[in-house]
Amino acid sequence: MTSLLAGNRAQSVSARPKNLSLSNVLAYGEHMARFWRPGSERPRATLVDDEEGGVLFVSAPPSSSSSGFGHSSLERQRQRLPVFKYRDAILYLVENHATTIIVGETGSGKTTQIPQYLKEAGWAEGGRVVACTQPRRLAVQSVASRVAEEMGVKIGEEVGYTIRFEDQTNPSVTVIKFLTDGVLIREMMDDPLLTKYSVIMVDEAHERSLSTDMLLGLLKKIQRRRPELRIIISSATIEAKSMSTFFQARKKDLLHAAEDCVPSHLPAILSVEGKGYTVEIHYVEEPVPDYLQAAVHTVLSINDKEPAGDILVFLTGQDDIDAAVKLLREDTQDDRRRTSGLLVLPLYSGLSRDDQGLVFAPTPKGKRKVVISTNIAETSLTLEGVVYVVDSGFSKQRFYNPMAIEEDGFGERGGRRRGKEEEKEEKRRNHTYSQQHTMGDGEISDIESLVVTPISKASARQRAGRAGRIRPGKCFRLYTEEYFLKEMPTEGIPEMQRSNLVSCVIQLKALGIDNILGFDWLASPPPEAMVRALEVLYSLGILDEDAKLTSPIGYQVAEIPLVLALTSIDPMISKMILSACNFGCSEEIITIAAVLSVQSIWVSMWGAQKEFDEVKLHFAAAEGDHITYLNVYKGFLNSGKSSQWCYKNYLNYQAMKKVVDVRDQLSRLLRRLGLALKSCEKDTQAFILLSHWIFRVPIVLEFCTILYFVACIILRKAIIAGFFANSCHLEEYSHNGLYKTVRSSEEVYIHPSSVLFRVNPKWVVYHSLVSTNKHYMRNVIAIDPSWLIEAAPHFYQLRAPNLAPC
DNA sequence: GAGCACTGC
């Protein structure tokens, strides 16, 4: 397989699975004329043997065919892309194989060109559509507009795109459609066989995101029912082989298909070289004791010894990055001569839009930009002008622990009771190269945690590639070559195997896949996670005893677009929304749901903690954080959705805008499901006015208080309908706010960011747990324990003795 | 009195 990757060495590489004999391949040659689509030329390809592994290559000479748009400068640019040489080979393979896997480095042009080639070859005729999926929204938008530009059409016409909150397609004219893989899965709910698509190209499949993996499994199923559908999988790494095995149809599915049928059920693999420049790799000779220090030293030494060019440093998270930025800036002050030319900038998603923007500004003359970044610069953002990459060899990854385990057994997190600084140091030192994946905390079950993890070879290559975008570059790896070769894992662990699967399960159930355990996964998720997901869904009343979706709740929950998220909390949110319809408070609850679905509505305030707390107090509600969010949302609307108002109140304007978007989507959805949108506040208000009018009850201040009080009870009951499993009670003699979860008596505390921090009500329900030096509950409301039994008698029956009101 | 890699519907 190594030969497959060596795109530069083997000018062009086209291979098929090894188990095909040469005669079979040559037979394809004979079929070419027969099955070749009119209008596209037969590829002038020659088949050659590869001595390394018996893989056959097609070496394609530069194609002479034109796509018929004349030779404008755009057209010339298109032809200069590496993928252009393979135009005919790609069309040939797609014609003859149900699945084609294209291995291509970045910059090969495959994403923008292949959909156009397919359209030119007639795959978008007769009302059919060519689809191309991307894992990220931004990529969908930018690729679509590039393709529209190249084709000289307006976006939303022949070329369109669909992402959440934005559909830029016109069903009667759109023939090339870009969309996120999540959107395509959602489209299956209305059209399970995706009948309007003739070809579906799944791009960036090597990233192995949860939705990409799910999509690939589903597409394989669809393929069996729709033999005419063509699938193209584009991947940047050698995983092509496992993809190929996965898509190879099983014998029993081919009873009626002849071995040499067209399209062939055997996937084809084609490798396309990228456009990147060579990157010289440097390793450290001895393992470094502290990657942060090492990164700082490396930056300084590059600045001393290497010619001009920006530096990109990969660290793990905000903490590390801020520390490194500080060290480098301090160094600037210590020694003006040596580093005065350095412009040091942090980059991570938590930064405000403006701060992120700094990174993209052109480097001032005579300065050298140093960007210290998380993984965000590995795939999501591309920095031009980078010539040097410093790779720490680590990144943060999410891990999910479905069941409680005694001892974590994967390594010591260490230093829990020590001072914060000391602990950080210890953590850093512990991340030597022999460290294995650390699985969360080991003490508490059903929790996801972020863990500093060694990256994979694929990631290391991707990071290095970032140095070769404008000219040959250098990559300095802060680990030894021996470690890279012998110990670093080839690929990362797919998200599917380290996530909570609740949303995945609902989604598949909604698509009519009953046997989840028997689903054909590209990478099987751990059975414990699967079992855990089924349990959670059963306890929420979303699945019945036979593990089928309940009607109507189960089906309705599946419709709500929060369920594709990656935590078990989301079906709880969905359940909360649906219950709110019965409680008559859906208007308020969808606002709460929208706020909970964005990361944080507050901007992080490092310096101005006191002012921040005071501002927050204006919105604070005694009942807890959820009600507080309602006050914030009201304030935002009253301000006319002003960004200025957000700034004054330490609120993240982008996040608030997203809250409005999500809320709109949810309200449209409830209307579509025929569920009432009601506001409990308005209802109680009406009730009091009515009492005043009929019974002459005077309206006094107390009534307004009662009104508020009643509304808050109704709201909290609706929240509990979804989150009853997350209840905790304050330990009786606890002076430090120690709570125990009712479900499993785990020790938890209210997070200091909560409005109930230090208030410590006797009973609370939380939205999520975050595990750092303690287990903290985030987003907490105070409750009456009797509401728990009322909301979930099936769940609390056996535990009733514990639930004596305090 | 603490801290959240990155996506996405």
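Lettering follows sequence order; numbering is per chain, from 1. Computed from a predicted structure; not experimentally measured.
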Rounded to whole Å, please give me the gap between [atom1] in [X] and [atom2] in [N].
| X | N | atom1 | atom2 | answer |
| --- | --- | --- | --- | --- |
| A:Lys396 | B:dC4 | NZ | P | 6 Å |
| A:Ile493 | B:dC6 | CD1 | P | 20 Å |
| A:Leu756 | B:dG1 | CG | C1' | 15 Å |
| A:Leu138 | B:dG8 | CG | P | 8 Å |
| A:Arg498 | B:dC6 | CZ | P | 14 Å |
| A:Phe399 | B:dC6 | CZ | C1' | 14 Å |
| A:Gln462 | B:dC6 | CD | P | 16 Å |
| A:Asn375 | B:dA5 | CG | P | 11 Å |

Remember a base hit wins even if backbone is also touched, and classify [X] as base, sugar-phosphate or nothing at under 4.0 Å, heavy atoms.
| X | answer |
| --- | --- |
| A:Ser349 | sugar-phosphate |
| A:Tyr776 | sugar-phosphate |
| A:Thr374 | sugar-phosphate |

Give me the ring orientation class for A:Phe619 and A:Trp602: parallel if the planes are under 30° apart, tilted from 30 to 60°, perpendicular past 60°. tilted

[X], nearest nucleotide to its side chain (from [options]):
| X | options | result |
| --- | --- | --- |
| A:Arg137 | B:dA5, B:dG1, B:dG8 | B:dG8 |
| A:Ser380 | B:dA5, B:dC6, B:dG1 | B:dC6 |
| A:Arg136 | B:dC6, B:dG1, B:dG8 | B:dG8 |
| A:Thr180 | B:dC4, B:dC6, B:dG8 | B:dG8 |

Please confirm whether the shortest side-chain N or O distance from A:Thr379 to OP1 or OP2 of B:dC6 is below 4.0 Å. no

Result of checking A:Ile185, A:Leu219, A:Leu184 against A:Thr133 for side-chain contact (heavy atoms from CB on, under 4.5 Å): A:Leu184

Across all chains, not counting sequence neighbours, the salt bridge (charged side-chain N to carboxylate O under 4.0 Å, His left out) partners of A:Arg137 are none

Taking atom types as they are modelled, is there a donor-acceptor pair under 3.5 Å from the base of B:dG1 to the side chain of A:Asp613? yes

Judged by each residue's nearest nucleotide on DNA chain B, which is more toward the 5′ side, A:Phe757 or A:Arg778? A:Phe757

Qualifying residues under side chain to side chain donor-acceptor pair (under 3.5 Å), relative to A:Ser209, sequence neighbours excluded: A:Thr212

Pairing donors with acceptors under 3.5 angstrom, does anything connect the side chains of A:Ser459 and A:Glu378? yes

